[in-house]
Amino acid sequence: IHMEGNKKCDSRGALIVLEGLDRCGKTSQCSRLISYLEELGHAVESWRFPDRNTGVGQMISSYLANKSHLDDHAIHLLFSANRWEKRSLMESKLRSGTTLIVDRYSFSGVAFSSAKGLDMEWCKAPEAGLLAPDLVVYLDISPEKAAERGGYGGERYEQLEFQKRVAQSYKMLSDATWKIVDATLPIEDVQKQLRQIIMECVLTCQQGKPFVELWQ
Ligand code: DGP
Ligand code: NA
Ligand code: NA
């Protein structure tokens, strides 16, 4: 029987989330982190939200490509549902010792939808009960600099004025636990900082850190 107040739990993987504006470089930094952790012998998987492979994910993908139109609230709930449909798999992976590097999570959900003018508390509500990340890293770049990076891909949200509002929403959403990395540094320097930041988190979870749910 576990003692109440004994906060240790079994060894587990870490839930590490990278957030940032479109074109901040998250995706390539995530894949480099995966290679690094694999080389060190850690069990690790690369995840991303939206996960476009599920039924819900295909609806999201079509919305992002401007091939369908949905009410702002409805698409918000679909993004959230897309995270909920992966929740149990996420928890079992973590319990089995696999670290997950996740490209976007609930913070994107709130930042992008509240940038449209939806109430932030309303946006947070459907995310409550999802697993809270052990670490959130924000790849910081100004909307202007992000827009200069080889141009946007043409998806719905990839417009400067909108990204400016997303940046403001992220600012309101972030707290002192977030690690902020300057995403305008050379790729290798960003990666170096990320490696240092995540290792401590991976080790803490390995030693047994209790799960927490959003929003805490
Ligand atoms: P990505 O596949 O990371 O490029 O994400 C696709 C776009 O969707 C990107 O502009 C960010 C946005 N996005 C990601 N997650 C959410 C979410 O939960 N809600 C909303 N409204 N937008 C999101
Ligand atoms: Na994108
Ligand atoms: Na995403």
Side-chain angles (χ1 to χ4, degrees), residues 15-34 45-87 90 100-133 136-147 149-174 178 183 214-215:
L15 179 57
I16 297 173
V17 169
L18 271 73
E19 289 283 358
L21 300 180
D22 285 294
R23 307 293 294 158
C24 70
K26 269 183 302 77
T27 306
S28 65
Q29 293 294 342
C30 281
S31 64
R32 282 161 191 257
L33 279 178
I34 297 286
E45 278 186 20
S46 169
W47 281 37
R48 73 178 307 149
F49 289 106
D51 177 340
R52 302 187 190 213
N53 299 311
T54 70
V56 172
Q58 282 164 25
M59 293 175 70
I60 293 170
S61 190
S62 143
Y63 171 83
L64 289 171
N66 290 306
K67 287 179 182 149
S68 63
H69 293 278
L70 286 166
D71 173 80
D72 291 343
H73 302 81
I75 185 65
H76 180 78
L77 295 173
L78 288 181
F79 273 107
S80 184
N82 186 234
R83 287 181 280 275
W84 275 103
E85 62 185 344
K86 306 289 287 192
R87 190 203 183 286
M90 178 179 267
L100 305 179
I101 306 290
V102 185
D103 185 342
R104 298 194 182 283
Y105 196 54
S106 302
F107 313 98
S108 283
V110 179
F112 281 77
S113 288
S114 66
K116 298 172 180 174
L118 299 190
D119 176 71
M120 196 168 263
E121 292 309 313
W122 187 90
C123 291
K124 285 167 100 170
E127 308 295 317
L130 290 172
L131 290 178
V136 179
V137 185
Y138 184 74
L139 290 191
D140 192 25
I141 187 170
S142 72
E144 291 81 4
K145 280 215 170 131
R149 287 189 163 180
Y152 290 131
E155 281 201 328
R156 184 180 288 265
Y157 297 141
E158 296 178 342
Q159 294 168 22
L160 179 57
E161 289 311 309
F162 186 72
Q163 297 281 326
K164 285 183 187 171
R165 292 199 294 276
V166 174
Q168 286 172 352
S169 296
Y170 267 128
K171 226 166 244 166
M172 283 189 270
L173 202 55
S174 65
W178 286 28
L214 291 176
W215 294 89

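Note that the structure is predicted; figures quoted are calculated from it, not measured. Just so you know, ligand 1 is whichever comes first in the structure, and atom 1 is the first atom listed for that ligand. Excluded from the calculations below are hydrogen atoms, water molecules and symmetry mates; all remaining heavy atoms, backbone and side chain alike, are included.
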Is [X] close to ligand 1, meaning an N/O of one under 3.5 Å from an N/O of the other?
X      : answer
Arg104 : yes
Arg52  : yes
Tyr105 : no
Lys116 : no
Arg48  : yes

Next on the checklist: With side chain to side chain contact (heavy atoms under 4.5 Å, CB included) as the criterion, how do Met59 and Ser68 come out once you've worked through the C-alpha distance, each side chain's angles and the decisive distance to 0.1 Å?
Outcome noted: CA-CA 8 Å; Met59 293 175 70; Ser68 63; over 6 Å; no
Item to check | Results of side chain to side chain donor-acceptor pair (under 3.5 Å) for Asp72 - residues two or more places apart only | outcome: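 Checked Asp72 against side chain to side chain donor-acceptor pair (under 3.5 Å); zero matches.
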Enumerate the atoms of ligand 1 whose separation from the nearest heavy atom of [X] is less than 4.0 angstrom.
X      : answer
Ser113 : 21 (N)
Gly109 : 17 (C), 18 (O), 19 (N)
Asp22  : 4 (O), 9 (C), 10 (O)
Leu64  : 6 (C), 7 (C), 8 (O)

Next on the checklist: Go through it in stages, so that I can follow the logic: the residues are Thr27 and Arg48, the test is side chain to side chain contact (heavy atoms under 4.5 Å, CB included), and I'd like the CA-CA distance, side-chain angles, deciding distance and then a yes or no.
Outcome noted: CA-CA 9 Å; Thr27 306; Arg48 73 178 307 149; 3.7 Å; yes
Assess whether a salt bridge exists between [X] and [Y], defined as any Lys/Arg side-chain N lying under 4.0 Å from an Asp/Glu carboxylate O.
X      : Y      : result
Lys164 : Glu161 : yes
Arg149 : Asp22  : no
Glu155 : Arg52  : yes

Tell me whether ligand 1 is touched by [X] - counting only heavy atoms on the residue side and a distance under 4.0 Å.
X      : answer
Arg83  : yes
Glu158 : no
His76  : no

Next on the checklist: My understanding is that only one of Tyr105, Trp178, Tyr170, Tyr138 makes a side-chain hydrogen bond (donor to acceptor under 3.5 Å, both in side chains) with Glu19; could you say which?
Outcome noted: Tyr170
Item to check | Side chain proximity check, Tyr157 to Lys116, heavy atoms < 4.5 angstrom | outcome: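 SC-SC contact between Tyr157 and Lys116 confirmed.
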